Asker: 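Here you go, one structure.
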Amino acid sequence: MSNILLVGNGAREHAIAEAIARSPQNPRLFSFMKANNPGIASLSEKIQPGSYADLAAITGFATANEIEFAVIGPEDPLNNGVVDALAQIGIPAVGPNQSLARLETSKSFTRNLVSKYNIPGNPQFKVFTSMDGVEAFLNALEGIVLKPDGLTGGKGVLVQGDHFATKEEALKLCTQILKDSFSVIVEEKFDGEEFSLQCLCDGKTVVGTPLVQDHKRRFDGDRGPNTGGMGSYSLPDHSMPFLKPSDIAEGLEITRQVAAALLKETGNPYKGVMYGGFIATKNGAKLLEYNARFGDPEAMNILPLLKTDFLEVCRHIIDGTLDKLKIEFEPKATVCKYIVPKGYGLPADHPDASSSKAKIAVGDVGAARLYYSSVDKREDGLYLSSSRAIGIVGIADTLDAARLIAEEGVKAVKGPVAYREDIGTQALIQKRIDHMKKIRNE
Ligand code: GLY
């Protein structure tokens with residue numbers, strides 16, 4: 001029997017835990033979590049609470065439980081070098097080492113890598129460590145994106161039109177970013193529609209998984225502040241209706257070239273998930289950023305559809321033999337809706353901000369799947385934290401049926417919570433299709 005270590009405590013990791021537990025090989029799951037996720041705990045042989053910076057605690061837990069391999073869910077432990085620490089005690093992992101995790105943890109590293117190896121997909125960009133030359137470069141761009149160099153939990157990117165209006169404001173924001181961050185990346189803004197392409201990589205072979213579209217904005221109609229992601233959908237053909245086949249092929253080819261460039265640049269094979277955030281534009285697919293892990297919520301869309309034994313997928317990633325494994329996903333639609341505290345993403349003085357830490361009740365979610373994220377399970381019940389609380393996923397033959405299952409599931413959660421009703425609706429998807437038609441002049 002195999003003992004598997006899972007590091008992470010969110011809904012993404014709950015979906016990973018479920019994929020591990022589903023294996024016909026009956027593995028035993030050992031989970032290291034910074035906060036107790038009741039869903040992961042219920043699937044685990046043993047859990048250990050602890051900090052993702054405490055590498056000795058993670059390796060100690062792994063040694064004590066004779067772990068075959070580890071799956072690392074979030075970016076923080078990757079950034080802290082957990083994969084390197086596990087390798088030192090002979091335990092392999094699905095997840096890149098600290099140097100390769102720069103794919104996500106350093107936006108300048110990735111932009112420079114793509115540029116150095118002449119890989120398509122980059123915007124016009126420059127990395128600045130001081131304000132020298134920033135103004136001239138801002139003046140050369142039509143639309144502007146500003147990125148602090150480092151982990152920002154998906155909320156650090158500032159986009160002209162959304163977060164600021166003028167070049168003068170951009171200049172001030174760059175000064176501000178450079179106070180907290182070693183560098184700021186100034187980029188050209190693309191017009192288009194975003195899609196998430198999560199690829200499995202063993203260092204040589206890159207395998208695409210069903211495409212997903214996440215929804216960052218807090219409120220229906222893509223309004224309000226950016227969040228970690230309010231929900232996502234995928235379609236039975238594993239594509240997106242606003243994409244051309246060439247957009248998908250380009251995203252995959254960019255990822256293949258980046259995997260090869262990472263090997264050349266660092267001498268180490270990238271073993272884990274390369275999650276490309278792409279945007280379809282009138283000139284094809286462009287790269288917004290990479291994450292070195294599954295997406296959250298996107299993992300909840302694809303992992304439940306995985307027909308191939310996830311344990312075998314992990315072993316082939318670790319052994320560098322992904323080219324020998326047929327990886328299959330059910331041809332079904334999925335809709336994931338995140339239930340969040342009413343005050344999630346709102347300023348602390350907003351009247352709804354007090355919804356955090358409130359008690360919630362979870363009833364019968366019917367045909368939907370439920371993945372716990374940031375909830376606090378106490379003796380007298382379940383409490384919200386200030387983050388996303390529960391992912392509810394509907395899976396069906398059509399998008400509409402999947403959405404209705406998710407909607408039913410959402411209604412089973414009672415308390416001061418909110419979610420986005422429009423995710424997975426035909427109306428929102430038609431908006432994406434119309435937008436792409438307009439920018440392609442079709
Ligand atoms: N879906 C956004 C993220 O996982 O970073």
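As the structure is a computational prediction, the values presented were derived from the model and not from experiment.
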Asker: Looking at K204 and D323, does any basic side-chain N land under 4.0 Å from a carboxylate oxygen?
Answerer: no

Asker: I'd like to check N301 versus P210 (side-chain heavy atoms, cut-off strictly below 4.5 Å). Are they in contact?
Answerer: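 Sidechains of P210 and N301: no contact.
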
Asker: Is there a side-chain contact (heavy atoms from CB on, under 4.5 Å) between I390 and V375? Walk through the geometry before answering.
Answerer: CA-CA 8 Å; I390 296 175; V375 286; 4.2 Å; yes

Asker: Using the side chain to side chain donor-acceptor pair (under 3.5 Å) rule, take T308 and E328 through it: C-alpha gap first, then chi angles, then the decisive distance, then the call.
Answerer: CA-CA 6 Å; T308 315; E328 291 182 285; 5.1 Å; no

Asker: Measuring from atom CD1 of I91 to atom CG of N65, what distance do you get when rounded to the nearest 0.5 angstrom?
Answerer: 9.5 Å

Asker: Do side-chain atoms of D84 reach the backbone of Q98 as a donor and acceptor pair under 3.5 angstrom?
Answerer: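 Confirmed, D84 side chain pairs with Q98 backbone.
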
Asker: Within the distance-only criterion (no hydrogens, no angle test), does the side chain of H435 pair as donor or acceptor with the backbone N or O of K431 below 3.5 angstrom?
Answerer: no

Asker: Within the distance-only criterion (no hydrogens, no angle test), does the side chain of D54 pair as donor or acceptor with the backbone N or O of G50 below 3.5 angstrom?
Answerer: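 No, because the side chain of D54 does not come within donor-acceptor range (under 3.5 Å) of the backbone of G50.
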
Asker: Any chance the side chains of K377 and N36 put a donor and an acceptor closer than 3.5 Å?
Answerer: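 Not at all, the side chains of K377 and N36 share no donor-acceptor pair under 3.5 Å.
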
Asker: Do V7 and L5 pass the side-chain contact (heavy atoms from CB on, under 4.5 Å) test, and can you show the C-alpha distance, the side-chain angles, and the key distance before you say yes or no?
Answerer: CA-CA 7 Å; V7 178; L5 170 65; 4.1 Å; yes

Asker: Can you name the side-chain contact (heavy atoms from CB on, under 4.5 Å) partners of N3, sequence neighbours left out?
Answerer: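 For N3, the residues satisfying side-chain contact (heavy atoms from CB on, under 4.5 Å) (neighbours in sequence not counted) are R28, F30, E66, I67.
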
Asker: Is D222 paired with R420 through a side-chain N to carboxylate O contact shorter than 4.0 Å?
Answerer: yes

Asker: Under 3.5 Å, is there a donor-acceptor pair between the side chain of S23 and the main chain of I20?
Answerer: no

Asker: Donor-acceptor pair, Y52 side chain versus L55 backbone, under 3.5 Å?
Answerer: no

Asker: Which pair of heavy atoms, one from R256 and one from V206, lies closest together, and at what distance?
Answerer: NH2-O, 3.1 Å

Asker: Should T209 and Q198 be marked as a side chain to side chain donor-acceptor pair (under 3.5 Å) after you check the CA-CA gap, both sets of side-chain angles, and the distance that decides it?
Answerer: CA-CA 6 Å; T209 68; Q198 301 169 93; 4.6 Å; no

Asker: Can you check whether V184's main-chain N or O pairs, donor with acceptor, with S108's side chain at less than 3.5 Å?
Answerer: no

Asker: Should we say atom CD of E442 is surrounded by more than 12 heavy atoms from elsewhere, each under 6.0 Å from it?
Answerer: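 Yes.
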
Asker: Between V413 and I360, is there a side-chain heavy-atom distance shorter than 4.5 Å?
Answerer: yes

Asker: Give the minimum heavy-atom separation between Y338 and R388, together with the two atoms involved.
Answerer: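 Y338 and R388 have their closest heavy atoms at CE1-NH1, 3.3 Å.
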
Asker: Compare all side-chain heavy atoms of F278 with those of F190 and state whether any distance is below 4.5 angstrom.
Answerer: no

Asker: Can you check side chain to side chain donor-acceptor pair (under 3.5 Å) on E289 and Y275, steps first, answer last?
Answerer: CA-CA 8 Å; E289 63 177 13; Y275 152 16; 5.7 Å; no

Asker: Output, in order, the C-alpha distance, side-chain angles, deciding distance and verdict of side-chain contact (heavy atoms from CB on, under 4.5 Å) for V145 and V157.
Answerer: CA-CA 7 Å; V145 176; V157 177; 3.6 Å; yes

Asker: Might you point out which heavy atoms bring G208 and C199 nearest each other, and give the distance in Å?
Answerer: CA-SG, 3.9 Å

Asker: Are S234 and T334 close enough that a side-chain donor and a side-chain acceptor fall under 3.5 Å?
Answerer: yes

Asker: Got a salt bridge between D162 and K216, using NZ or NE/NH1/NH2 to carboxylate O under 4.0 Å?
Answerer: no

Asker: Under 3.5 Å, is there a donor-acceptor pair between the side chain of D376 and the main chain of Y383?
Answerer: no

Asker: Assess the residue pair T321 and H316 against the criterion (side-chain contact (heavy atoms from CB on, under 4.5 Å)); give the C-alpha distance rounded to whole Å, side-chain angles, the decisive distance to 0.1 Å, and a yes or no.
Answerer: CA-CA 5 Å; T321 53; H316 281 74; 3.0 Å; yes

Asker: If you define the side chain from C-beta out and look only at heavy atoms, does anything of L6 sit under 4.5 Å from I16?
Answerer: yes

Asker: Once you round to the nearest 0.5 Å, how far does OG of S374 lie from CG of N37?
Answerer: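 Here the rounded value is 8.5 Å.
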
Asker: Is the shortest distance from a Lys or Arg side-chain nitrogen in R315 or E68 to a carboxylate oxygen in the other one below 4.0 Å?
Answerer: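 Looking at E68 together with R315, the answer is yes, because their closest N to O distance falls below 4.0 Å.
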
Asker: Contact between L158 and I177 at the side-chain level, heavy atoms closer than 4.5 Å - yes or no?
Answerer: yes

Asker: Of all the heavy-atom pairs spanning A261 and I119, show the shortest one and how long it is.
Answerer: CB-CD1, 4.0 Å

Asker: Using a strict threshold of under 4.0 Å (side-chain N to carboxylate O), is an ion pair present between E18 and R369?
Answerer: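 Looking at E18 together with R369, the answer is yes, because their closest N to O distance falls below 4.0 Å.
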
Asker: Would you say that more than 12 heavy atoms from the other residues, nucleotides or ligands in this model lie under 6.0 Å from the OH of Y117, or not?
Answerer: yes

Asker: Test side chain to side chain donor-acceptor pair (under 3.5 Å) on Q430 and D434; report intermediate values, then the result.
Answerer: CA-CA 6 Å; Q430 193 57 47; D434 294 344; 3.0 Å; yes

Asker: Can you check whether Y344's main-chain N or O pairs, donor with acceptor, with R218's side chain at less than 3.5 Å?
Answerer: yes

Asker: Find out whether V258 and M274 are in side-chain contact, i.e. whether some heavy atom of one side chain is under 4.5 Å from a heavy atom of the other.
Answerer: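 Side-chain contact under 4.5 Å: yes.
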
Asker: Have E13 and Y372 got a donor and an acceptor in their side chains that come within less than 3.5 Å?
Answerer: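 Y372 and E13 do not have a side-chain donor-acceptor pair below 3.5 Å.
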
Asker: Where is the tightest heavy-atom contact between Q257 and P120, given as atom of each residue plus distance?
Answerer: OE1-CD, 3.9 Å

Asker: Let me confirm one number: the CG-CG distance from L146 to L138, rounded to the nearest 0.5 Å.
Answerer: 7.0 Å

Asker: Identify the heavy atoms of I72 and A93 that sit nearest to each other, and give their distance.
Answerer: CG1-CB, 4.4 Å

Asker: Is a side-chain donor or acceptor of H215 paired with a backbone partner of M230 at a separation under 3.5 angstrom?
Answerer: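 No, H215 side chain to M230 backbone: no donor-acceptor pair under 3.5 Å.
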
Asker: Within a 6.0 Å radius of atom NZ on K307, are there more than 12 heavy atoms belonging to other residues, nucleotides or ligands?
Answerer: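 More than 12 within 6.0 Å, yes.
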
Asker: Could you tell me whether E187 and K126 have a side-chain N and a carboxylate O separated by less than 4.0 Å?
Answerer: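 Salt bridge: no.
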
Asker: State whether the side chain of Q213 and the backbone N or O of Y233 hold a donor-acceptor pair below 3.5 Å, judged by distance alone.
Answerer: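 Looks like no, no N/O pair under 3.5 Å.
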
Asker: For S181, give me all partners under side-chain hydrogen bond (donor to acceptor under 3.5 Å, both in side chains), at least two apart in sequence or on another chain.
Answerer: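 Expected list: none.
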
Asker: In the structure I gave you, are the side-chain heavy atoms of D309 and Q25 within less than 4.5 Å of one another anywhere?
Answerer: yes

Asker: Kindly indicate whether the side chain of V212, heavy atoms from C-beta on, has any atom under 4.5 Å from the side chain of F195.
Answerer: no

Asker: Are D247 and R440 within salt-bridge range, i.e. N to O under 4.0 Å?
Answerer: yes

Asker: Flag yes if more than 12 heavy atoms outside K189 fall under 6.0 Å of its NZ atom; otherwise flag no.
Answerer: yes

Asker: For the atom pair CD1 (I185) and NZ (K147), what is the distance rounded to the nearest 0.5 Å?
Answerer: 7.0 Å

Asker: Roughly how far, to the nearest 0.5 Å, is CG of D149 from CZ of R111?
Answerer: 11.5 Å

Asker: When rounded to the nearest 0.5 angstrom, what is the spacing between OG in S183 and NZ in K107?
Answerer: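 Output value for this atom pair is 11.0 Å.
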
Asker: May I ask you to establish whether R102 and F109 are in a cation-pi arrangement, using a distance under 6.0 Å from NZ or CZ to the six-membered ring centre and at most 45° from the ring axis?
Answerer: yes

